[in-house]
Amino acid sequence: MTTFIQETDSRPVYELPTAFHRSSEEYMLNETVSGTMDPNFVASSAATGLLTRARRFVHEHAHISTVKESLAVLAVIDGAYSWYQQAGIDLSTIRPLDAFAADDGAILFEWIFDDFRVGFNIEPNSKESGWYLVTNERLGDIHAGGLLIEDDNRSVIIALLHFMISNT
Amino acid sequence: MLYPSNCIKGIPNRSYVTSDGRDVGSNLFYFDLNEKFGRDDGFVEQSINWEDDDSAISFTLRQRRTDGEIQFQGGAAFVPRSEIDHLVNLPMVNGSLSYERQRQIDNDYHGNLLLRSNTPKSKMKQVAASLALVVSRIVPQPEA
């Protein structure tokens with residue numbers, strides 16, 4: 001039987017690969033109210049709801065030409081969330097990712113904050129898909145952007161998450 | 001030419017608005033860069049209304065399409081002109097964004113946001129995101 005931690009907010013928790021495994025005798029975590037997060041286990045970021053809305057939107061609204069790339073980008077974002085969670089970084093200030101269907105057939109994912117926006121536009125022509133970060137004057141009027149390159153988006157998404165965490 | 005403090009961007013439907021009603025997606029401010037929509041002066045346009053008086057918002061929310069349905073079922077978003085002016089002067093926008101009045105027979109408030117038609121699509125979407133970022137408030141359609 002696999003040992004797991006059940007927290008009262010009911011986030012499912014999954015065991016890390018055996019490389020990180022420590023003796024289960026060191027922990028007596030059988031509480032439903034409080035306890036210490038066991039580093040051998042990490043909450044699935046997908047279960048926090050930050051990407052649920054966006055995933056559902058893709059399945060319900062995305063044109064067939066954008067579904068695969070949209071889900072691939074969401075998977076990279078999910079992995080980046082997990083990376084930060086494993087590092088113990090608080091992601092509670094990050095809003096859920098919003099999703100919109102543009103008239104030009106693209107899917108737009110956006111994190112919307114008072115002082116900045118981070119967006120990913122998934123185009124029917126994948127060569128045109130990109131990301132951007134725009135901020136208001138308070139954060140320096142940043143206008144940054146680039147292309148989304150298949151199999152090579154993780155570093156830019158981690159950097160964008162870092163910006164969001166630092167400025168929320 | 002004198003312009004008021006705000007322009008009003010009609011929201012076609014609720015799909016442009018976040019679930020909490022506080023924000024709009026940047027796609028609300030997308031420009032259509034298709035050549036056939038380009039003007040002779042090198043710009044493409046998207047319609048707005050200017051908030052010239054207290055009636056402008058109610059006028060906007062009452063506007064109807066040719067089929068008789070309410071045109072802006074998602075309500076309307078206010079964009080301060082001072083914020084647009086700030087954007088226009090940013091080096092990365094570099095004058096590619098502008099605005100104008102364009103009164104119509106049935107709409108004295110009508111105007112346009114303008115973007116250079118040779119703006120790359122990626123830059124267009126950044127400009128749209130910057131406009132969405134400075135939306136100061138959203139007014140929903142009154143409930144029937």
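Lettering of chains follows the sequences in order, A, B, ..., and the numbering in each one begins at 1.
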Select one option (side chain, backbone, both, neither) describing which atoms of T135(A) are under 4.5 Å from chain B's heavy atoms.
-> backbone

Residue D98(A) versus chain B: region with a heavy atom under 4.5 Å = side chain

Is the ring centre of F116(A) less than 6.0 Å from the ring centre of F163(A)?
-> yes

Honestly, the part of D141(A) sitting under 4.5 Å from a heavy atom of chain B is both

Part of A144(A) within contact of chain B (heavy atom distance under 4.5 Å) = backbone

Proximal component of L90(B), with respect to chain A [non-hydrogen, under 4.5 Å] | side chain

Measure from NZ or CZ of R137(B) to the centre of the six-membered ring of F78(B), then state whether that distance is under 6.0 Å and the direction lies within 45° of the axis.
-> yes

Side-chain donor-acceptor contact under 3.5 Å, S117(B) with R39(B) = no

Note: vs chain B, highest number of non-hydrogen pairs under 4.5 angstrom among A102(A), A101(A), P96(A) is A102(A)

Atom group of L28(B) that falls short of 4.5 Å from chain A, counting heavy atoms = neither

For S122(B), is it the side chain, the backbone, both or neither that has a heavy atom under 4.5 Å from a heavy atom of chain A?
-> neither

Decide, yes or no, whether a salt bridge links E110(A) with R95(A) under the criterion of side-chain N to carboxylate O below 4.0 Å.
-> no

Got a salt bridge between R22(B) and D114(A), using NZ or NE/NH1/NH2 to carboxylate O under 4.0 Å?
-> yes

Which region of D115(A), side chain (C-beta onward) or backbone (N, CA, C, O), has a non-hydrogen atom less than 4.5 Å from a non-hydrogen atom of chain B, or is it both or neither?
-> backbone

Any chance the side chains of Q73(B) and N13(B) put a donor and an acceptor closer than 3.5 Å?
-> no

Ring centres under 6.0 angstrom apart (Y16(B), F100(A)) = no

